[in-house]
Every structure is written in structure tokens, then in C-alpha cells.
2 protein chains.
Amino acid sequence: MEELKVLIVDDEERMRKLVNDFLTAKGFKVLEAADGEEAIDLFCAEKDIALILLDVMMPKMNGWEVLKAIRKISKVPIIMLTARGEEQDELQGFKLGVDEYITKPFSPKILTARVDAILRRTGRSKSDVTEAAGITIDKTAHEVRVDGKTVDLSYKEFELLDYFIQNKGIALSRENILNNVWDYDYFGDARTIDTHVKKLRAKLGPSGEAIKTIWGMGYKFEA
Amino acid sequence: MEELKVLIVDDEERMRKLVNDFLTAKGFKVLEAADGEEAIDLFCAEKDIALILLDVMMPKMNGWEVLKAIRKISKVPIIMLTARGEEQDELQGFKLGVDEYITKPFSPKILTARVDAILRRTGRSKSDVTEAAGITIDKTAHEVRVDGKTVDLSYKEFELLDYFIQNKGIALSRENILNNVWDYDYFGDARTIDTHVKKLRAKLGPSGEAIKTIWGMGYKFEA
DNA sequence: CCCATAGCTTAAAGGAAACGTAAGCTTAAA
DNA sequence: TTTAAGCTTACGTTTCCTTTAAGCTATGGG
């Protein structure tokens, strides 16, 4: 499989590193730009950038200006990164050709989920239906089926189950789960995970037994 | 295989020595820094440091500040060392970019396990499945198989067996085992080991005979 | 062959981790 | 503003693991 290029544009070094880490781990080639000019230069120089992640709040040239400039030369998919409370401009954004929004702070799973969704839409990514232990996850429909029957899961439950299944057979510490499924600035009680696991097990019925407890260690999904 | 560099940052001499000894024994090249400034200087001077172990509680510049400073220039993997019950509110917002935590006191095995896990994730380490005397240890799945059949081991049993197999053919004194598998400040009865060995032998069946008693000395794992 | 020492076994106390329930809080919808 | 849903936290309960203690057995030197 070819290595897709993603460009992250943000003035904050930390944010770029964060996104770079997550997406590199997922097998993308990540390019970084610290401001709008750099972004446009880089976009023109590099061929076949598959997706751009664009921060709205930047000094000098803000995200909307960068967006407009890039839309003049390309219809590459663009995801805007906004801080909570900045969403008022969304309608304007969609008119200008924004494909998706991510609100900061976000979890690694959200990031990769949105990126996957976009690439799927533009036909550059693989299937989005996974199956394990009688559980089927359909990310496009955001739907879970157990033995054919649809099960209603909350948002977090869905994310958690998806993470388990993506890492089936691997023992996961609570710390690991917290870092990957929850927002990057979340610091909470690890017991929160226990509660969600409990709910998942209940909703999944017998298939829920696939989520094993590893005493003194964490959890593991096993078919 | 290349010799990976690990940097330990802690104001306590004892802790640095401890970590240095453990990791040197595991074939790492260990560098020490007694405070944040020294750490940053050293990190900039030395090329290709593969991993940083960073204590949180330090005078002058604390671990979080060091973390932020280093994250500005690099995305090197970082493991934070925290004391049990340390003020967790200050963690808010600083979590960004930490790969793993280790709570003091820890056992050498925990230390090397986390280090290995990180390096595995960043693709700089080898496989984590070992086999000896018909016993297979899979650290990723946190699973032990004897002649193909999965055997349920408790946390300590798992750690102990792993230590035996890593040191197969080597006679280990009880003191040695206590120092390596138990927390570094644990001072318990050596009979504790006997009990765990007994359970291991029972659970491993005939393969359990690979754990030999060396009278007046300790134990040895031999295929 | 006996004794001292080291190791083995068992059971039970104690502790730590996980579970279950419910209440509090936050966010989104009506 | 009210309502509802989901997320998080708190806490008592339960389960499981670790350690200790005590008696028993094996080993090897005298």
C-alpha cells in the first residue's frame, strides 16, 4: 500500500508533533507547516498531498485565508482544526470547501477516524467494516452489530470497542487506553474505563466476554 | 545490534544508579543527568538518544518543564517517573506527549518491560515472543502457552517465569530474584519465592520441571 | 545413621484490584 | 429553561492475589 501524505498546518509546535506522531503511527507520511505561507509553498512543491489538516487560529495568515488560497489551486480534502466555541463560521467554511471539522482537544481516535473517513470518501482508503468474535463494526454507518442484530452504543462506547477490536489479542493498560481513546488533555480516573467496559460487556451480551480482564494489568480483546 | 542510548534524568543519585545498572545489564548505553538543564544540554549534545526516563519531582526545573522544553525540539519517546499519590492535578494539560508512566517504586522487570514496549512501538526493538522448554511467552498478548495450550498465570507468576526464561541456564539466588522481579524497596520473606515457584511448577505441568532447585543456592531454569 | 539446614507444602490473613450501583456533573437537544 | 442522555466519580462489595506462618520433608555433612 502506498504511503499517503498528510500536511498539518499549525503554529503550535506541540500540536504539529502530536498530530505527526498519531498519523505516522498509522502509516501516513506527515509534513508540517508552521504558518500559511509555508503551507502553500509546501503544498505546491510536494506532489500528491492527500489531505490537509488546517488550524484556524494562526497569526499572520489565518486558516480561512489559507483555505481560500489553496482552493484556488486545488480541491484537496481539507480538515479544519478549531477550538471549542469557534464553530460559528462553520457554514461559511463548508461553502468554501471544507470537508470536515475537528474540535480541539480531540482524541487520537477521533483524528484518525476523521482522516480515514475523508480518505474513504475520496476513494483512497480501505474498507471500514471489521468483524471479530461475532461483533461487526461499520464505521461509515457508525453502527455495531452482534450476530446480525444492531446494538446501540454511545459515542465513547463505540470508540472504545473499536479500539479494542483494532488491537485484538494485545494486552492494553488503562493508561494506554486513556491516551488513545480519550482526549489528549483528559486526565481522569482510570476507573472510568472500568465503567465503560462494564457497559460494553452488558450491551454486547455473550460476545462481551471477548473483553478479558488481565488482573493487575488492564484489558484485552480476544476472539 | 546497535547499542541504544537511554537518558535518565533524576536528582537522586541512587535512582540514577539503579536505573543505570538495570539498563546497562540489558545492553543499553545509559546517560545520566541530575537536573533539567543538564538533561537538555546532554540531549542536544548527544545524537540519537532513543528514549528519556524523566523524574517528575525535581528541584529547580520539574519534570513537566523539562518535558515541554524537550518536546519543543524533539519527539523522542519519554517515560515519566512519578511517586505513588503524587499531586495529579498538575498533570492537567501537561500530559501531552508523554508516552508512558512508571510509578515508584518499580521493579527492574517493569522498567525494562516498559522500555521494551516503547522501543517496540517506535520500531527499534526486537520480537517479544520467547520460547524455552515448550513454554512460549508472548508479552504483547500477556500470555503464556505450554505445548500450544494457554495457561493462566497471575501477574507475579508471569513476571517470575519471564525472568527465569530470560536467564535460562543461569543459577539465580533468591536475593537476586527478589531484587529483580519485586519492587526495588521490597524487603520480604524469601519464602515468598518458594511459594510462587511451587505455583508455577504446578501450572506449567511437566514443563515446570525446567525450574530446577539448586540446593543452598537458589533456582535455575534449564531446557 | 542422625542432625542441622534448606526447601516444600498448605492454609489462612491481609491487601489490592476490579466490579456494580448509584449519584453528580456536563453537554446536547426540546 | 427544562429535559434527557451520556460521561465521570465515588464508594461499598466482591473477588482474586500475595505474603506470611507453621509444620513437614528432603538433603548432605559429620
Side-chain angles (χ1 to χ4, degrees), chain A residues 83-88 90 101 103-107 109-110 142 144 151-161 163 171-175 177-178 181-183 185-204 208-209 211-220, chain B residues 84-85 88-89 91-92 103 105-107 109-110 142 144 151-161 163 171-178 181-183 185-204 208-209 211-220:
Chain A
R84 212 179 286 284
E86 273 178 14
E87 306 94 28
Q88 314 86 340
E90 280 207 10
Y101 286 87
T103 309
K104 296 180 185 179
F106 49 83
S107 69
K109 276 204 51 57
I110 284 300
H142 208 268
V144 170
V151 174
D152 276 333
L153 293 187
S154 78
Y155 177 78
K156 270 274 146 58
E157 285 159 7
F158 185 91
E159 297 295 316
L160 181 59
L161 178 61
Y163 187 63
L172 303 166
S173 69
R174 286 184 175 72
E175 184 65 41
I177 295 171
L178 230 36
V181 180
W182 269 257
D183 294 343
D185 68 348
Y186 174 82
F187 193 90
D189 197 342
R191 292 286 88 72
T192 299
I193 295 172
D194 300 29
T195 306
H196 280 87
V197 166
K198 178 197 170 289
K199 285 187 181 162
L200 265 184
R201 282 173 172 161
K203 288 191 179 181
L204 296 175
E209 286 166 25
I211 304 174
K212 304 258 197 303
T213 301
I214 304 178
W215 227 86
M217 213 276 169
Y219 294 98
K220 178 169 74 165
Chain B
R84 207 181 292 283
Q88 309 241 300
D89 296 332
L91 289 170
Q92 192 88 39
T103 309
F106 50 83
S107 69
K109 277 206 51 52
I110 286 298
H142 208 269
V144 170
V151 174
D152 277 332
L153 295 186
S154 79
Y155 182 75
K156 269 275 145 61
E157 286 159 7
F158 187 92
E159 297 294 316
L160 181 58
L161 178 61
Y163 187 63
L172 304 166
S173 70
R174 284 184 176 70
E175 199 193 346
N176 178 315
I177 295 171
L178 272 185
V181 180
W182 270 257
D183 294 343
D185 67 349
Y186 176 83
F187 297 106
D189 195 340
R191 289 286 86 73
T192 299
I193 295 173
D194 300 28
T195 306
H196 279 89
V197 167
K198 183 199 171 285
K199 284 189 180 160
L200 265 184
R201 283 173 172 161
K203 287 191 179 181
L204 296 175
E209 287 166 24
I211 304 174
K212 304 263 198 299
T213 301
I214 304 176
W215 223 84
M217 209 279 171
Y219 295 99
K220 178 169 76 164

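- Comparing B:Thr192 and A:Tyr155 by the nucleotide of DNA chain D that holds the closest heavy atom to each, the one mapping nearer the 5' end is A:Tyr155.
- Nucleotide C:dA30: paired with D:dT1 (Watson-Crick or G-U wobble, both distances less than 3.5 Å).
- Note that CG of A:Leu172 and CE of A:Met217 are 8.0 Å apart. Values are rounded to the nearest 0.5 Å.
- Between atom CG of residue A:Leu200 and atom OG of residue A:Ser154 there is a gap of 8.0 Å, rounded to the nearest 0.5 Å.
- Note on B:Tyr186: only backbone sugar-phosphate atoms sit closer than 4.0 angstrom, heavy atoms only; bases stay farther off.
- The aromatic rings of A:His142 and A:Tyr155 lie parallel to each other, with less than 30° between the two planes, well short of the 60° mark.
- Across C:dC19, D:dT19, D:dC7, the shortest atom-to-atom separation from the side chain of A:Arg201 is found for C:dC19.
- Look at CG on B:Asp194: it is 13 Å from P on D:dT19, rounded to the nearest Å.
- A salt bridge is defined here as a Lys NZ or Arg NE, NH1 or NH2 lying under 4.0 Å from an Asp or Glu carboxylate O, and B:Lys203 with B:Asp152 fails to meet this definition.
- Distance CZ (B:Arg191) to C1' (D:dG23): 13 Å, rounded to an integer number of Å.
- Relative to the side chain of A:Tyr219, the nucleotides C:dG7, D:dT20, C:dC19 differ in distance, and C:dC19 lies closest.
- In the set C:dC8, D:dC7, D:dT19, D:dT19 carries the atom at the smallest distance from any side-chain atom of B:Lys199.
- In this structure, A:His196 places its NE2 atom 11 Å from P of D:dT9, rounding to the nearest Å.
- Summarising the geometry, the separation between CH2 on A:Trp182 and C1' on D:dT9 is reported as 13 Å, rounded to the nearest angstrom.
- One distance of note links CH2 of B:Trp182 with NZ of B:Lys109; it measures 11.5 Å at 0.5 Å rounding.
- In the set C:dA22, D:dT18, C:dA18, C:dA22 carries the atom at the smallest distance from any side-chain atom of A:Thr195.
- Between C:dA18 and A:Lys198, no contact under 4.0 Å exists linking OP1 or OP2 to a side-chain N or O.
- OP1 or OP2 of C:dG7 lies within a sub-4.0 Å distance of a side-chain N or O belonging to B:Arg174.
- One atom, CG of A:Asp189, and another, P of D:dT9, lie 6 Å apart when rounded to the nearest Å.
- Under 4.0 angstrom from either OP1 or OP2 of D:dC16 there lies no side-chain N or O belonging to B:Ser154.
- Rounded to a whole Å, the NZ atom of B:Lys212 is 17 Å from the C1' atom of C:dC8.
- Searching all strands for a Watson-Crick or G-U wobble partner of D:dA22 with both distances below 3.5 Å returns C:dT9.
- Each of A:Ala190 and A:Lys203 has a nearest nucleotide on DNA chain D; the 5'-most of these lies closest to A:Lys203.
- Taking NE2 from A:His196 and CD1 from A:Ile211, the interatomic distance works out to 12.0 Å, rounded to the nearest 0.5 Å.
- Of the candidate nucleotides D:dC7, C:dA18, D:dA21, D:dC7 has the atom lying nearest to any side-chain atom of A:Lys156.
- Whole-Å rounding puts the A:Leu200 CG to D:dC7 C1' distance at 13 Å.
- Considering only the side chain of A:Trp215, C:dA17 comes nearest among C:dT9, C:dA17, D:dT20.
- Following rounding to the nearest Å, B:Met217 (CE) and D:dG28 (P) show an atom-to-atom distance of 15 Å.
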